[in-house]
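To keep things clear, I will list the structure first and then write my remarks on it.
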Amino acid sequence: MKKVAIVGVGPTGIYTFHALVERGEPLAVQLYEQAEEAGVGMPYNSDNNAAHMLANIASIEIPPIYISYLTWLQNQNDDYLAQFGIERASLHERQFLPRVILGDYYRDRFLAIVDKARGSGFEVSVNESSEVTDLRANPEGVTLWINHAQKPVEVDFAVIATGHLWPENDGSPREFFPSPWTGLMDAQINACRVGILGTSLSAIDAAVAVVSQHGAFTTGSDNTLHFTCKPGRQNLKLTLMSRTGVLPEADFYCPLPYEPLNIATGQAIEHIIAQGQHGLLERIFQLIVKQLQNAAPQWSQQVALETLTADTFSGVYFADRIQHDPFDWAKRNLLEVERNKREQRTITWRYTLLRLHEVIEQVVPHLDDSDKERFKRGLGRVFIDNYAAIPSESIRRLLALHDAGLIKILALGSDYQRQNEQDITVICHHNQRSEFDVFIDARGQRALKSKDIPFPTLRSQLLACGDEIPDVGDDYTLQAPENACGRIAFGGLPWLMHDRPFIQGLVVSAEIGAAMANALTQGAVRRRRKLWNCDDID
């Protein structure tokens, strides 16, 4: 029986395990999770999330594991729902709910997969509180070291599904948090000047995590959300900041699953790529223009789309937000989005951009370095903003904090500087100086390189090949070193972001999991691009 190790039992690891079991070939599967409970995932566990922190994905979009998220919720008892303030009658497939509930769903579904696997002849070993501290590709398989143990584990195939990677939390009190997931949930934050770098959902969640220590949100008779501070907390002041100072849109209504595009099709994308690297970004942008003109002609004419380029499009896209006070703009956007949801009205240009981001992502690996940077500064920002729209409730909370006089937004520009001075963090921007007693970097996951891989031996093997970034096939199997080919599937999201800048979310986790399971059962697939040459390394 073939031995398989799955390193990391969050969503990507769970969907990989699920796909293996559904394929039916009995395997000896060893699952390693460094947290105390396998199957929850860092983004959804109670250690890193409070009950008020919302997931920005609803049941209608979540790939089901035997049953949908909504069905699972409907199967829960009243006491479980009540602890989150959820009324059973209010449950629906487009509802945004606390992240920790989603963690409970995945834990339950993971256990269901374990039961089915064992009943289908699989040998399953669930290893919790078990960190894979090193990993090595061998000519005949893969060696893993668990919790620094001297005796290693030998398997035929390894799946790396470690998900997000944040800086380590040493547990000591401090005034700087390199991410919201490095001890913020357990820290006691005084009523002071709090700076939060970022204006996305992660930044808003960080703000809510801080203010929840100093007051509470309440809903008025007019259904308006309010925030009231506890007495003596008047020194609490929060600042969200980013280069542009724009806030994300509230999640908008659209048909799901996605309706197919009629111009920017997969075939059209492949044809444009086949024409070569020179001028590729311009050709792709022209395809985007044609698709938008076809789907949303009035909006295209309104923004003079035919006059724009891949470099100027983002400026027009964000212009309305930049020209208005961010909180005034957020109020207007929230009213529009909620009205459209009630009327089930789709804004075609928004929906078209949402569908475009997945097909356009296929082009990114084929861009030259200059065009990749242009894409990152321009079109990439547009697509990320569009698909990363956030729950309406998160916007309401932000507006409630603003109405209470607790929060403001800074547009830093591109040349700001951050420095530490004694016990404060200082941001210098536009010849101004902003001081913060507590500072939280909430910009989200950054793309990582081979030098950041947490397995020393595999890291050395990759770096010795000259691979600054792990080279993976279309099924996520490592292409080098030779020993790793067909033996290691690399689904660590931070390392895949270079070629796939939009590789986030549960739908992607399911797709990656299915591809990695297929690599094990059907054989690895070579990627359709030039690979580094590398001598075998032991």
Side-chain angles (χ1 to χ4, degrees), residues 46-54 83-85 98-100 169 171-242 245 247 325-328 330-331 334 390-410 412 418 420-427 432-443:
S46 56
D47 291 337
N48 293 311
N49 297 275
H52 55 257
M53 299 172 74
L54 301 177
Q83 67 178 305
F84 300 102
R99 295 178 190 174
V100 291
N169 173 29
S172 61
R174 61 179 185 274
E175 288 71 42
F176 175 75
F177 296 86
S179 88
W181 324 115
T182 47
L184 179 62
M185 294 303 112
D186 296 326
Q188 294 297 313
I189 307 296
N190 294 327
C192 61
R193 302 168 299 178
V194 180
I196 302 176
L197 189 57
T199 53
S200 67
L201 181 59
S202 294
I204 295 171
D205 278 346
V208 173
V210 171
V211 300
S212 294
Q213 298 185 25
H214 301 281
F217 291 98
T218 57
T219 303
S221 57
D222 60 351
N223 206 34
T224 301
L225 196 65
H226 304 277
F227 185 83
T228 304
C229 260
K230 298 175 183 177
R233 310 297 174 93
Q234 64 274 8
N235 291 331
L236 180 63
K237 300 294 179 184
L238 285 80
T239 302
L240 300 185
M241 63 196 87
S242 66
L247 289 171
D325 175 86
F327 296 102
D328 290 342
K331 288 179 184 178
L334 182 62
I390 68 176
S392 292
E393 185 65 15
S394 295
I395 297 292
R396 291 191 186 96
R397 291 170 178 172
L398 190 66
L399 293 174
L401 294 177
H402 178 253
D403 291 342
L406 294 176
I407 198 164
K408 66 178 182 178
I409 293 176
L410 276 182
L412 298 175
R418 185 181 78 203
N420 296 323
E421 294 183 7
Q422 296 181 338
D423 294 331
I424 64 172
T425 298
V426 177
I427 297 288
Q432 299 178 44
R433 174 186 171 95
S434 299
E435 298 181 354
F436 303 100
D437 305 299
V438 172
F439 196 85
I440 305 162
D441 190 336
R443 291 175 294 177

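Note that the structure is a prediction, hence the values are computed from the model and not measured.
No option in I390, I395, I409 other than I409 meets the side-chain contact (heavy atoms from CB on, under 4.5 Å) test with L247. Residue S212 forms a side-chain contact (heavy atoms from CB on, under 4.5 Å) with just one option from M53, H52, R397, and that option is H52. No option in L197, T239, I424, V194 other than T239 meets the side-chain contact (heavy atoms from CB on, under 4.5 Å) test with F436. Partner I407 forms a side-chain contact (heavy atoms from CB on, under 4.5 Å) with one of L399, L238, V211 and no other, that one being L238.
Proximity of N420 to E175: side-chain heavy atoms (C-beta onward) are nowhere separated by under 4.5 Å. The side-chain heavy atoms of V438 and V210, taken from C-beta on, include no pair separated by under 4.5 Å. Taking the side chain as every heavy atom from C-beta outward, C192 and L236 never approach each other to under 4.5 Å. Counting heavy atoms from C-beta outward, L410 and Q432 have side chains that stay 4.5 Å or more apart.
Residue L54 comes nearest to S394 through the heavy atom pair CD1-OG, 4.1 Å, listed as atom of the first residue, atom of the second, then distance. A206 and I440 make their closest contact through CB-CG2, 4.3 Å (heavy atoms, listed as atom of the first residue, atom of the second, distance). Minimum heavy-atom separation, F177 to A187: CZ-CB, 3.7 Å. Summarising the geometry of I196 relative to A442, their closest heavy-atom pair is CG2-CB, 3.9 Å, with the distance given to 0.1 Å. Taking every heavy atom of both residues into account, S242 and G245 meet most closely at OG-N, 2.8 Å.
Here ring-ring contact (aromatic ring centres under 6.0 Å, His included) pairs that include residues 189-239, with residues two or more places apart or in two chains, are F217-F227. Contacts classified as side-chain hydrogen bond (donor to acceptor under 3.5 Å, both in side chains) and involving residues 190-200 (residues at least two apart or in different chains) are given here: R193-E435, R193-D437.
Judged purely by atom type and a 3.5 angstrom limit, K237 uses its side chain to pair as donor or acceptor with the backbone of G405.
Partners of H402 under the ring-ring contact (aromatic ring centres under 6.0 Å, His included) rule, at least two apart in sequence or in another chain, are F327.
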